[in-house]
Asker: 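Following this message is one structure expressed as structure tokens.
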Number of protein chains: 2
Amino acid sequence: MRTGKGVEWAVHTLLNLAWLGDGEPVPTARLAAVHDLSASYLNKQLQQLVKAGLLESVPGARGGFRLARPLEAVSMLDVVLAVEGDDPLFRCAEIRRCGTIGERVPAGGFSRPCAVNTAMGRAELAWRKALAAQSLADVRAEAEAHAPAVGSYVRGGFGRD
Amino acid sequence: MRTGKGVEWAVHTLLNLAWLGDGEPVPTARLAAVHDLSASYLNKQLQQLVKAGLLESVPGARGGFRLARPLEAVSMLDVVLAVEGDDPLFRCAEIRRCGTIGERVPAGGFSRPCAVNTAMGRAELAWRKALAAQSLADVRAEAEAHAPAVGSYVRGGFGRD
DNA sequence: GCATATCTGGATAGTAAACATCCGGATATG
DNA sequence: CATATCCGGATGTTTACTATCCAGATATGC
Ligand code: SF4
Ligand code: SF4
């Protein structure tokens, strides 16, 4: 039970784009080269970010991806949900057959709330709130506090810092 | 990214043992039959619970499993950690090679704290705290509030309620 | 217009993790 | 001793994650 590496890829790519600063779209190949990632696979993650409204994509030559909004307006939750989907962390497997499979609840309310589900749901809500409370700008600021020279390594190509 | 079904199995099995009430050990086969689970696989989960100190196992004929402590003293976090292990939800894949692989930090403190890791760690901590704040007794109480007749379905064999 | 560069999205393949079964050995009952 | 059960390793199955590939669409620049 762990988050996929797509989250890490997305966070770093978004930070890279922010560090670049200018509004120029950056192609997948370049973004992937920075961290030696698979361009094709990274592209799939970026498409997810586009769908979620975190990135804008520019097709055609000189195209690529650019930030759709500033880092201040992107929370860690946005990134996680964009990449991993918004399925619940805990999903009941109906081992007690008490979920009344097939029965449609009146759109929004559950007739028989499951205590296990609600308990796990409360915990997930706390997780999501904590993620939502942290923006990518916060993460960037915290990162720069420890390694001020961390910017501009996209331009340099393959810098390790 | 989702919790395994072992969590659901464990929670229900622990509740079943509590509903049984008496300190008699219950064999895996019976616990599995209640929810039509695989006895062999459930046994593996139960062994995890034993290792975590949530269950006691009694070998030999008339053996089985019994609660090691009352439900009040077992939190949802205890169950999740026992079944899923205590690996972090987010694990860095070192895509920036900034983790200085192989470098041993002085036991407890990280020389170069990673902002991404700490952000995800904060969220996981919130999740764990919310899980730790809910005991199995709480879950049982909440379940009984909605379905008071839910107890004693172990004795009945295969009751659906 | 045409060659090029790039995103889009589906098909496919490889890899890892989760899920499940099986069996021999140990332990306790009666 | 025969039986019932836990224990844990070996093994197989299924699912999810990771990664590659390719045809189609879109934009640039000559
Ligand atoms: S009690 Fe809740 S978690 Fe368990 S099977 Fe029913 S709905 Fe699922
Ligand atoms: S910045 Fe943090 S998450 Fe990213 S590679 Fe380094 S240690 Fe891992």
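Throughout, a chain's letter reflects where its sequence line sits, starting with A, and its residues are numbered from 1. Every heavy atom of this structure was used, including side-chain atoms; hydrogens, water molecules and symmetry mates were not.
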Asker: NA contact type, A:K44, heavy-atom cut-off 4.0 Å: base, sugar-phosphate, or nothing?
Answerer: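 Base contact.
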
Asker: What is the nucleic acid contact for A:S40, judged by heavy atoms within less than 4.0 Å: base, sugar-phosphate only, or nothing?
Answerer: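 It contacts base atoms.
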
Asker: Using whole Å, report how far CG of A:L49 lies from C1' of C:dT8.
Answerer: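 My rounded result for the distance is 15 Å.
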
Asker: If you pin B:N43 and A:R91 to their nearest nucleotides in DNA chain D, which one's is more 5'?
Answerer: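 Looking at the nearest nucleotide for each, B:N43 comes out on the 5' side.
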
Asker: Do B:D78 and B:S75 have side-chain atoms, one donor and one acceptor, less than 3.5 Å apart?
Answerer: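 Yes - a donor-acceptor pair under 3.5 Å links their side chains.
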
Asker: Let me know the distance between CD1 of A:I95 and C1' of C:dA20, rounded to the nearest Å.
Answerer: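 From A:I95 CD1 to C:dA20 C1': 16 Å.
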
Asker: Taking atom types as modelled, is there a side-chain donor on B:T3 or B:E84 under 3.5 Å from an acceptor on the other?
Answerer: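 Side-chain D/A pair, B:T3 to B:E84: absent.
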
Asker: Please tell me which of B:M1 and A:R62 maps to the more 5' nucleotide of DNA chain D, matching each residue to the nucleotide holding its nearest heavy atom.
Answerer: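 Looking at the nearest nucleotide for each, B:M1 comes out on the 5' side.
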
Asker: Could you note down all residue pairs passing side chain to side chain donor-acceptor pair (under 3.5 Å) where residues 128-138 of chain B supplies at least one of them, sequence neighbours left out?
Answerer: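 Residue pairs with at least one partner in residues 128-138 of chain B: A:R122-B:Q134, B:E124-B:R128, B:S135-B:D138.
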
Asker: Of A:L46, A:V139, A:L55, which meets side chain to side chain contact (heavy atoms under 4.5 Å, CB included) against A:L14?
Answerer: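 Among the candidates, only A:L55 passes.
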
Asker: Categorize B:G64 for me: base, sugar-phosphate, or nothing, with a 4.0 angstrom heavy-atom threshold over every strand shown.
Answerer: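 Sugar-phosphate contact only.
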
Asker: Assess the residue pair A:R140 and A:W19 against the criterion (side chain to side chain contact (heavy atoms under 4.5 Å, CB included)); give the C-alpha distance rounded to whole Å, side-chain angles, the decisive distance to 0.1 Å, and a yes or no.
Answerer: CA-CA 9 Å; A:R140 175 180 54 181; A:W19 276 323; 3.7 Å; yes

Asker: Does a side-chain N or O from A:R2 land closer than 4.0 Å to OP1 or OP2 of C:dA17, or not?
Answerer: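 Yes, because at least one side-chain N or O of A:R2 sits under 4.0 Å from OP1 or OP2 of C:dA17.
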
Asker: What range of DNA chain D does chain B touch, first nucleotide to last, counting atoms under 4.0 Å from its heavy atoms?
Answerer: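 Contacts span D:dA4 to D:dC17, reading 5' to 3'.
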
Asker: Is B:R69 atom CZ crowded by more than 12 heavy atoms from other residues, nucleotides or ligands, each under 6.0 Å away?
Answerer: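 Yes, because the 6.0 Å sphere around CZ of B:R69 holds more than 12 heavy atoms from other groups.
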
Asker: Where along residues 51-60 of chain A does a heavy atom come under 4.0 Å from DNA chain C, residue by residue in number order?
Answerer: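 Close to the strand are A:S57, A:V58, A:P59, A:G60.
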
Asker: Less than 4.0 Å between a side-chain N and a carboxylate O, is that true for B:E8 and A:R96?
Answerer: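 No, no charged N to carboxylate O under 4.0 Å.
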
Asker: Check the pair A:M120, B:V80 against side chain to side chain contact (heavy atoms under 4.5 Å, CB included), reporting the backbone distance first and the verdict last.
Answerer: CA-CA 10 Å; A:M120 297 299 288; B:V80 170; 4.2 Å; yes

Asker: Assign each of A:A61 and A:Q47 to its nearest nucleotide of DNA chain C by heavy atoms, then name whichever residue's nucleotide is nearer the 5' end.
Answerer: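 Checking each residue's closest nucleotide, the 5'-ward one belongs to A:A61.
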
Asker: Between P on C:dA20 and CD on B:Q48, what's the gap in Å once rounded to a whole number?
Answerer: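 It is 15 Å, rounded to the nearest whole Å.
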
Asker: Between A:Y41 (OH) and C:dT12 (P), how many Å, whole number?
Answerer: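 Checked: the OH to P distance equals 19 Å.
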
Asker: If you compare all heavy atoms of B:T28 against all heavy atoms of B:A39, which two are closest, and at what distance to 0.1 Å?
Answerer: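 Scanning both residues completely, I find the closest heavy atoms to be CG2-O, 3.2 Å.
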
Asker: For B:E24 and C:dT29, what is the distance between atoms CD and C1' respectively, to the nearest whole Å?
Answerer: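 Distance, rounded to whole Å: 13 Å.
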
